[in-house]
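Chain A is the first sequence line, chain B the second, and so forth, proteins listed ahead of strands; every chain is numbered from 1. This structure is a prediction, so every number in the text was calculated from the model and none was measured.
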There are 2 protein chains.
Amino acid sequence: MRSCAGSSPTAAAGVTRGHRREQLSNRRGLAPVRSIAGPSFESIDSDDFLSPVTTLERDQVTKLVAQVSEKDGKVLHPDLLNPRLLEAQYAVRGELYLRAEELKKTKEIIYTNVGNPQALGAKPLTFVRQVIALCAAPFLLDDPNTPLLFPADAIERAKKIIASFGTGGVGGYTDSRGNPMIREEVADFIQARDGHRPSTEHIYLTDGASAGVRNVLQSIIRNEADAVLVPIPQYPLYSASIALYGGKLLPYELDEASGWGLDLDALTRTVAAARAEGYSVRALVFINPGNPTGQCLPGEEVARLVEWCAQQRVVLLSDEVYQELVYRKDRPFTSAYKALMESKYAQTAELISFHSVSKGTSGECGLRGGYHVFSNIHPDTVAQFYKLSSIGLCPNTIGQVVVSTLCNPPQPGDPSYELFAKERADELASLSRRAALVSGAFNSLPNMSVVPTEAAMYAFPQVHMPLGALAAAEAAGKKPDVFYCLAMLEEAGICTIPGSGFGQAAGSQHFRTTFLPREEVMEGFVQKFKAFHINFMEKFGPKKKQ
Amino acid sequence: MRSCAGSSPTAAAGVTRGHRREQLSNRRGLAPVRSIAGPSFESIDSDDFLSPVTTLERDQVTKLVAQVSEKDGKVLHPDLLNPRLLEAQYAVRGELYLRAEELKKTKEIIYTNVGNPQALGAKPLTFVRQVIALCAAPFLLDDPNTPLLFPADAIERAKKIIASFGTGGVGGYTDSRGNPMIREEVADFIQARDGHRPSTEHIYLTDGASAGVRNVLQSIIRNEADAVLVPIPQYPLYSASIALYGGKLLPYELDEASGWGLDLDALTRTVAAARAEGYSVRALVFINPGNPTGQCLPGEEVARLVEWCAQQRVVLLSDEVYQELVYRKDRPFTSAYKALMESKYAQTAELISFHSVSKGTSGECGLRGGYHVFSNIHPDTVAQFYKLSSIGLCPNTIGQVVVSTLCNPPQPGDPSYELFAKERADELASLSRRAALVSGAFNSLPNMSVVPTEAAMYAFPQVHMPLGALAAAEAAGKKPDVFYCLAMLEEAGICTIPGSGFGQAAGSQHFRTTFLPREEVMEGFVQKFKAFHINFMEKFGPKKKQ
C-alpha cells in the first residue's frame with residue numbers, strides 16, 4: 001500500500017473528528033513514513049501480501065502523524081471510525097421508518113417504503129420454491145413419496161442443478177463467480193431477450209444486485225477525484241456506496257417534465273464542468289426501469305445514452321433489476337446490452353449490466369440472488385473482479401438456484417409451465433392495476449401531480465406545498481417533504497420515503513411510494529391518502545373568506 | 001467526503017501507475033479543490049448524501065490533480081483500478097490451484113487446499129436441510145403427504161421459523177441485522193456454551209463470517225496509519241481485507257515450538273514499536289481454533305490474551321468459526337466472550353466475536369450463514385454497523401435458517417434428535433481420526449514435522465528442505481515452499497497451499513493441507529504423499545557414496 005495516512009481523505013476527516021492540532025500539521029504537508037512494523041515484521045515470509053508496505057519502507061524519512069485511537073475509553077468510539085462510513089447516508093431506514101416502527105405498536109401501518117413484495121403479501125413462484133426445496137434436501141429425490149408433493153419437472157431440474165454444483169451440491173463453495181451451468185443459463189436468457197449472447201466468462205453471479213454494485217464501485221473508485229454520475233432522483237445504494245468507497249458523486253437530474261427523461265446536453269455540460277475541475281469522470285449509473293421514478297426509457301433513448309457514454313469515455317453501469325415489471329405494451333424494456341451490441345461501439349464501449357431475483361414477479365428479496373455482465377471490460381480487469389469476489393468466497397448457492405429457475409423457466413408442455421406462467425401473468429397484471437390506481441389517485445388531487453407509473457414498483461409524485469405548510473415545516477425544523485411524509489404517517493398510517501432521500505430539484509417536494517400491498521390494501525391506501533392530503537391542504541392552504 | 005485526491009494513498013498509487021509528473025507535483029504538497037460538480041449540482045436537494053462535498057467546496061482554493069482516466073482505450077484498464085484492490089492478495093486461489101485445474105483434465109487430483117467439507121464428500125445434517133426445504137416451500141406444510149417425507153419436529157420448526165420472519169417468510173428482506181427470533185436463539189446458544197448471555201441487540205447475522213469480518217475491518221480502518229495485528233501464519237481473508245480497506249497489517253508470529261502458542265511479550269514489543277512509529281494499533285485478529293495451525297488455545301491463554309488486549313487498548317477480533325471441531329478432550333474450546341465475561345474487564349474491553357455455519361460438522365459453506373457479537377462496543381458504533389449492514393439490505397434468509405437450526409438443534413426426545421446427534425458425532429469422530437492419521441504420517445517422515453492437529457480441519461507441517469532442493473527452487477525461480485508444493489501436485493496429484501500464502505517464519509517452509517477428503521481417500525493421500533516426500537528428499541538430499 002502506498003501510504004499517505006496523515007493527508008489521506010480518511011485521515012483528514014478522521015482528524016477533524018479527532019484533534020485539530022495534527023490536522024493543521026497535515027496541512028503543512030507532512031508525508032508519513034512507511035515504518036518498520038515492529039520486531040517480528042522483517043522475519044515474515046509471505047506471498048507478498050505484506051510487500052506493498054515493506055518495499056516502500058526503505059526510501060522514507062518523515063514520521064506518521066499520530067492519530068487519536070481512543071476516546072471516552074473506547075477504541076471504536078463513533079468519532080474514530082472510518083469517516084467515509086460515518087458520512088454514508090442510507091435514507092431507506094431514515095426518520096420515517098423509525099417513527100413507523102414506534103407507531104405500529106399502537107396502530108396499523110401501511111408500509112410502502114421498501115420494495116419488498118413478499119413481505120407485503122406477494123406469493124413466491126411455486127416452481128422456484130419447489131426446486132429450492134429439492135436442492136436443499138437431495139435425499140428426497142429418491143423417495144417414492146416425493147412425486148406426491150413435487151411435479152416431475154421440478155424433480156428433474158433439481159437433479160440437474162445439484163449435479164451441476166458437483167460433489168456436495170448446494171452445500172459446497174462454488175467458483176467465486178458462481179455455478180458455471182447457471183452462468184450458461186444466464187447467457188441463454190440474455191440471448192433470448194436481446195438476440196445477442198455474452199460470454200459466460202463475463203457473467204458473475206452475486207448475492208443480489210447490491211453486492212455486485214458495491215464490488216464494481218469499490219474497484220472503479222481510486223479516490224475523491226474519481227467521479228461517478230448518478231441520476232437524481234436516485235436509489236440510495238449508489239450515494240451510500242460512493243461515499244463508503246471515497247469517490248465523488250456527480251449528480252445528473254432526470255427531467256420530470258418529460259417523464260423523467262434524460263437531458264444529454266445537460267449531462268455533457270456536467271461532465272465538462274467536472275473534468276475542468278480535474279475530476280476523472282469514470283462511470284455513469286443508469287437505472288432502467290427507474291427507481292424511484294417508475295419509468296421505462298424508450299429503446300431509442302437507451303441507444304442514445306449508450307452512444308453518449310462511448311463518446312464521453314464513461315463506463316455505463318446499467319441497473320436493470322426492474323426489467324420484468326413493465327406495464328406499457330408500447331414501451332418494452334430495452335437493455336443497455338442490446339443497445340450496445342446494435343451500436344457502432346459493440347466491440348469497444350465498456351458496460352456493466354446488473355440484474356436481480358428480488359424485483360421481478362418472483363420478488364425473492366430474502367434469498368439474495370443476482371448477476372452482472374461485463375461488456376468490453378479489459379480481461380485483466382475482469383480477473384481483478386474475480387479476485388475481489390474470491391475474497392468473499394462465493395455467492396450463496398440458493399440465490400444461484402433462483403437465478404437458474406428464473407433465467408431457465410418451465411417451457412410449454414412442462415408439467416409446471418401453466419401454473420408458472422399464470423402466477424407470473426397474474427402478479428404482473430395486478431401490479432399494473434395498482435400502478436394505475438395510485439397514479440390516477442395522485443393525479444386526481446389538488447396540489448400534487450405524478451408522472452404515471454409505467455414500470456417497476458414505485459410512484460414518485462410531486463407535492464405542491466402551500467406557503468403555510470412550508471412555514472409550518474420550517475417552524476418544526478423539518479424539510480418540507482419530510483414534514484409532509486411525517487404528517488402522512490401520523491394521520492394516515494402510511495410509511496413512505498421523502499423525495500430528499502433520493503434527491504430532487506431544489507424547491508420541489510416529492511415522496512416515493514411502492515404499490516406493493518395487495519390490491520384490497522392499496523384501495524385502503526388510496527382512501528386514507530386522499531383524506532390525509534385534502535385535509536393537509538385545507539389546513540395549510542390559503543384560507544377561504546368567512 | 002473530505003477530499004485529498006491528489007495526495008491520498010489511492011491517488012498516489014493510481015498516479016504511479018498513471019503518470020509520474022502529477023505524482024511529483026503531489027509530493028510538493030498541492031491540495032486539491034473540492035470543486036462544484038457541474039451545472040446541475042447546486043440545484044439538488046437531498047438528505048445530505050451530497051453535503052459532505054458541498055459544504056467543503058466553499059472554502060477551497062487550489063486545483064485537483066488530474067488523473068489518468070483511460071489507457072489503451074479502456075477506462076477500466078487494470079492499471080487504473082483502485083490500487084488497493086490491485087495490491088490485495090488472495091492465496092487460496094493461487095498458482096497451485098490454477099495448475100491443479102489444468103492437471104485435473106488428465107489425472108485425478110486430491111484437493112486439500114480449501115476448507116470445503118461437502119465438496120469433498122461430507123454429508124449435510126439431515127434436520128438442517130429438512131427445515132430449509134420446508135421454509136423454502138411453505139405450501140408443503142399443510143399437505144397431508146408431507147409427514148411421509150418430513151419428521152414432525154422439522155415441520156414444527158419450519159412453521160415457527162416462517163412465522164418469525166413475518167409475512168413473506170424467507171422471501172422478504174429481514175432487518176439488516178437478521179431475524180430477531182434467530183438472534184435470540186444465538187444468544188441462548190452462547191449462554192448455554194459460556195454461562196453468559198449477550199444482548200440480542202449486539203448479535204448481527206451475516207452471509208458467513210467473512211462478510212462480518214469485512215464490514216468490521218472497513219469500519220475500523222481510517223487510513224494506513226491504522227494498524228491491525230494479524231497472526232502469522234494467518235488466513236488470507238485478513239491480509240486481503242486490510243489491503244482492500246487501506247490499513248496497515250501488523251503481523252505477530254505464533255510460536256511453532258510451543259504448539260503455535262502466543263508470545264505476549266513479543267506482541268507487546270511489536271505494538272510499542274508500531275506506536276512509536278505513529279501507527280494507531282486498533283485491533284488484534286485472533287483465530288481460535290487456529291487456521292492454518294489446527295490448534296485450540298488453552299482457556300488460560302485465551303484469558304491472558306483478553307487481558308492483554310484490554311490493557312493495550314486494542315479491540316479483539318476473535319475468529320471462532322472452528323469452535324465445534326476440537327479433538328482433544330483435555331483442551332476444550334474457550335470463547336473470548338467467556339474469558340472476557342470472567343475477567344475484570346467484563347464491562348469495558350471491546351470484543352467482536354465471529355462464528356459461521358460453514359466450518360462445523362454441518363459444513364454448510366455454500367449456504368453462507370454466520371453471525372458476530374459485539375461486546376462493550378459503543379452503542380453509536382453498533383448503530384454505524386447497522387447502517388453499513390443496511391446498505392447491503394440483509395443477510396440471505398436461508399443462511400439465517402441454518403444458524404437457527406445449529407444454535408437451537410433437536411433436543412433429546414425430539415423425533416430428529418438421535419439422527420442429528422449421530423450424524424454430528426460420527427463426522428466429528430471421523431475428522432478426529434483423519435487428523436491423527438495425517439499428523440502421524442507427517443511426523444513419521446524424515447525432513448518434516450508437524451504440531452499434531454488438535455482442532456479445526458488443517459495441518460500446517462514444516463518441511464526441512466535439503467540444500468539441493470533450495471538450489472533447485474532458486475534455479476526454477478520459485479519460492480522453496482511453492483517449489484515443493486508444485487512438485488507434490490505434479491507427482492502425487494495433491495493440491496495444497498504453500499506456507500508463504502499464510503506467512504511463516506523467514507527461512508522456514510510449510511504447507512497447509514486439510515484432511516477433509518473421506519477417510520478412504522485420506523489413506524490414499526497419505527500413501528501418495530509419503531512416496532512423493534521420500535522421493536523428493538532422495539532426489540535433492542545429500543547423495544550417498546557409491
So what's closer than 4.5 Å to chain B heavy atoms on A/Asp72: side chain, backbone, both or neither?
-> neither
Mind ranking A/Arg275, A/Arg129, A/Gln130 by heavy-atom pairs under 4.5 Å with chain B and telling me who comes out on top?
-> A/Arg129
Interchain contact, B/Glu350 with chain A, by part (heavy-atom threshold 4.5 Å) | side chain
d(B/Leu393 CG, A/Ser358 OG) to nearest 0.5 Å is 7.5 Å
Ranking A/Leu148, A/Ile391, A/Asn145, A/Thr126 by heavy-atom pairs under 4.5 Å to chain B gives rank one to A/Ile391
Contact winner vs chain B - A/Val315, A/Ile132, A/Thr348, heavy-atom pairs under 4.5 Å | A/Val315
Select, from B/Leu237, B/Asp380, B/Ile377, the one with the greatest count of heavy-atom pairs under 4.5 Å involving chain A.
-> B/Asp380
For the residue pair B/Leu85 and A/Ser219, what are the closest heavy atoms and their distance?
-> CD2-OG, 3.5 Å
Closest non-hydrogen atom pair between A/Val170 and B/Leu367, with its separation = O-CD2, 3.8 Å
A/Gly168, A/Ala133, A/Gly171: which one forms the most heavy-atom pairs within less than 4.5 Å of chain B?
-> A/Gly171
Might you work through the side chain to side chain contact (heavy atoms under 4.5 Å, CB included) test for A/Leu76 and B/Ile220, ending with a clear yes or no?
-> CA-CA 7 Å; A/Leu76 297 189; B/Ile220 292 179; 3.7 Å; yes
Is the backbone of A/Tyr173 close enough, under 3.5 Å, to the side chain of B/Arg368 for a donor and an acceptor to pair up by distance?
-> no
Atom pair CG/CD of A/Asn396 and B/Glu364 - distance to nearest 0.5 Å = 12.0 Å
Distance in Å, A/His378 NE2 paired with B/Lys74 NZ, rounded so as to fall on 0.5 Å steps | 7.5 Å
Do side-chain atoms of B/Arg222 reach the backbone of A/Pro83 as a donor and acceptor pair under 3.5 angstrom?
-> no
Engaged part of A/Pro138 at the chain B interface, taking heavy atoms whose separation is under 4.5 Å | side chain
Rounded to the nearest 0.5 Å, what separation is found between the CG atom of B/Leu81 and the CD atom of A/Gln384?
-> 6.5 Å
Non-hydrogen atoms of chain B under 4.5 Å away: do they reach the side chain of A/Leu140, the backbone, both or neither?
-> side chain
Donor-acceptor under 3.5 Å (A/Asn82 side chain, B/Gln218 main chain) | yes
Do B/Thr397 and A/Ile398 pass the side chain to side chain contact (heavy atoms under 4.5 Å, CB included) test, and can you show the C-alpha distance, the side-chain angles, and the key distance before you say yes or no?
-> CA-CA 10 Å; B/Thr397 51; A/Ile398 299 300; over 6 Å; no
Engaged part of B/Ser210 at the chain A interface, taking heavy atoms whose separation is under 4.5 Å = side chain
Pick whichever of A/Ala88, A/Gly166, A/Ser241, A/Gly73 has the most heavy-atom pairs under 4.5 Å with chain B.
-> A/Ala88
Looking at A/Asn376, A/Val281, A/Val314, which makes the most heavy-atom pairs under 4.5 Å with chain B?
-> A/Asn376
Under 4.5 Å from a heavy atom of chain B, the part of A/Arg214 involved | side chain
